[in-house]
Colleague: 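Submitted below is the structure of interest, expressed as structure tokens.
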Amino acid sequence: MSQVERGVLPVDRLSTLQTLADALEVSVLDLRSDAVSPPEDGPTEPGSDLDGIRLALTGYPGIATLLTDSAPADERPIDELREYVDRLWELAHASAFSEIGEELVTLIPMLERRVRRSAATDAEHEILAQVYQVTAAVLARQDEADAAWVASDRAIAAAGWSGQPLEVVAGTFRLAHTFLRVQRPEQAEYAASEAIRALQPKLDDGSLSTDGKSLYGALQLARAVISSREGDRTATHRCTGG
């Protein structure tokens, strides 16, 4: 990754693309739509419930709660929900799209109803933001870029209510990759660069957390990939300077 960022290693071989894709937790096609996917050694995992996820994103399940102020049916403790989201990420990293799709179809409307209460907590908004990040990652890896765009934007919005700025940055990272997926490198560059500029002062004064540094590095790598796709080695090299 360092060699790509410094412009030493051009991103013109499938093996290099695969290494970058693995590091960014995306598919090779996310980085280059014209790349040929490597052969699979066995049966492929069935796709997720894409129609169901799209409907969950299309509707507004929280409207009844807004009108009636009724309590949500699900009242699981926050710690249990955090463990649940961790499991969803494990499924996403394992490309278990069929299983995760069924979970998201149920979880998205439940959490939307839950955060519409007047007493909704920052932690509940944070959980919702993370669920939308998982949703965006799953959709992007299955070429559902427009729906991934919606999920990324909702992740950022939910994170804004959570009081966790790094969740906003994480949502922006997902958004940048979605813009790459829909062949909008200018918007991808802008989203990544804005997040980097926001993190830079804390990195410079040494107050950026470990998670923040990881996000900063991932955003810089995303910019390097964008520049490499555009054939701009100078810009790729500049990415290491922020």
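Because only heavy atoms are used, hydrogens play no part in the values below, and waters and symmetry mates are left out as well, while side chains stay in.
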Colleague: Can you tell whether the side chains of E90 and R87 come within less than 4.0 Å, N to carboxylate O?
Modeller: no

Colleague: Do the side chains of M110 and W161 join up, straight or via other hydrophobic residues, at under 4.5 Å, putting them in one cluster?
Modeller: no

Colleague: Could you go through E126 and R82, starting from their C-alpha distance and side-chain angles, then the distance that decides it, and tell me whether this counts as side chain to side chain contact (heavy atoms under 4.5 Å, CB included)?
Modeller: CA-CA 10 Å; E126 181 183 354; R82 291 189 192 280; 3.6 Å; yes

Colleague: To the nearest 0.5 angstrom, please state how far the CD atom of Q130 sits from the CD atom of Q133.
Modeller: 6.5 Å

Colleague: Any chance you could measure E144, atom CD, to I53, atom CD1, to the nearest 0.5 Å?
Modeller: 8.5 Å

Colleague: Distance alone, cut at 3.5 Å: any donor-acceptor contact between the side chains of S209 and D211?
Modeller: no

Colleague: Please say yes or no: joined through hydrophobic side-chain contacts below 4.5 Å, possibly via intermediate residues, are I78 and I108 part of one cluster?
Modeller: yes

Colleague: Side chains of Q200 and I196: closer than 4.5 Å at any heavy-atom pair?
Modeller: yes

Colleague: Could you verify whether a donor N or O on one side chain and an acceptor N or O on the other, from Q220 and Y216, lie under 3.5 Å apart?
Modeller: yes

Colleague: Can you name the closest pair of heavy atoms from V169 and A195 and give their distance?
Modeller: CG1-CB, 4.3 Å

Colleague: On a heavy-atom basis, which atom in I127 and which in V85 lie closest, and how many Å separate them?
Modeller: CG2-CG2, 4.0 Å

Colleague: Taking L57's backbone N and O only, do any of them form a donor-acceptor pair with R154's side chain (distance below 3.5 Å, no angle check)?
Modeller: yes

Colleague: I want to check something: taking the side chain as every heavy atom from C-beta on, are E103 and L88 in contact at a cut-off of under 4.5 Å?
Modeller: yes

Colleague: Can you tell me if Y132 and E112 form a side-chain donor-acceptor pair at under 3.5 Å?
Modeller: yes

Colleague: Within 45° of the ring axis of F97 and under 6.0 Å from its six-membered ring centre, is that where the NZ or CZ of R141 lies?
Modeller: no

Colleague: Please give me the minimum heavy-atom distance between H177 and A222, naming the atom from each residue.
Modeller: NE2-CB, 4.1 Å

Colleague: Would L175 and W149 count as a side chain to side chain contact (heavy atoms under 4.5 Å, CB included) here? Give the steps.
Modeller: CA-CA 6 Å; L175 185 61; W149 188 339; 3.7 Å; yes

Colleague: Rounded to the nearest 0.5 Å, how far apart are CG of L50 and CG of L104?
Modeller: 10.5 Å

Colleague: On a heavy-atom basis, which atom in R223 and which in S193 lie closest, and how many Å separate them?
Modeller: NE-OG, 3.4 Å

Colleague: Rounded to the nearest 0.5 Å, how far apart are CG of L215 and OG1 of T210?
Modeller: 11.5 Å

Colleague: Could you tell me the separation between the CG atom of L219 and the CZ atom of F173, rounded to the nearest 0.5 Å?
Modeller: 6.5 Å

Colleague: Roughly how far, to the nearest 0.5 Å, is the CG atom of L166 from the NZ atom of K213?
Modeller: 12.5 Å

Colleague: Would you name the heavy atoms of A176 and A188 that are closest together and state the gap between them?
Modeller: O-CB, 3.4 Å

Colleague: Taking only residues two or more places apart in sequence, or in another chain, which ones meet E83 in a side-chain contact (heavy atoms from CB on, under 4.5 Å)?
Modeller: none

Colleague: Does R174 use its side chain to pair, donor to acceptor, with the backbone of T135 at less than 3.5 Å?
Modeller: no

Colleague: Locate the shortest heavy-atom distance separating A92 from V138; write the atom from each residue and the value.
Modeller: CB-CG2, 4.2 Å

Colleague: Any chain of hydrophobic side-chain contacts (each under 4.5 Å) joining V105 to V115?
Modeller: yes

Colleague: Do Y84 and L107 have side-chain heavy atoms sitting under 4.5 Å apart?
Modeller: yes

Colleague: What's the verdict on side chain to side chain contact (heavy atoms under 4.5 Å, CB included) for R114 and L81, showing C-alpha distance, side-chain angles and the deciding distance?
Modeller: CA-CA 12 Å; R114 183 161 174 163; L81 286 174; 3.6 Å; yes

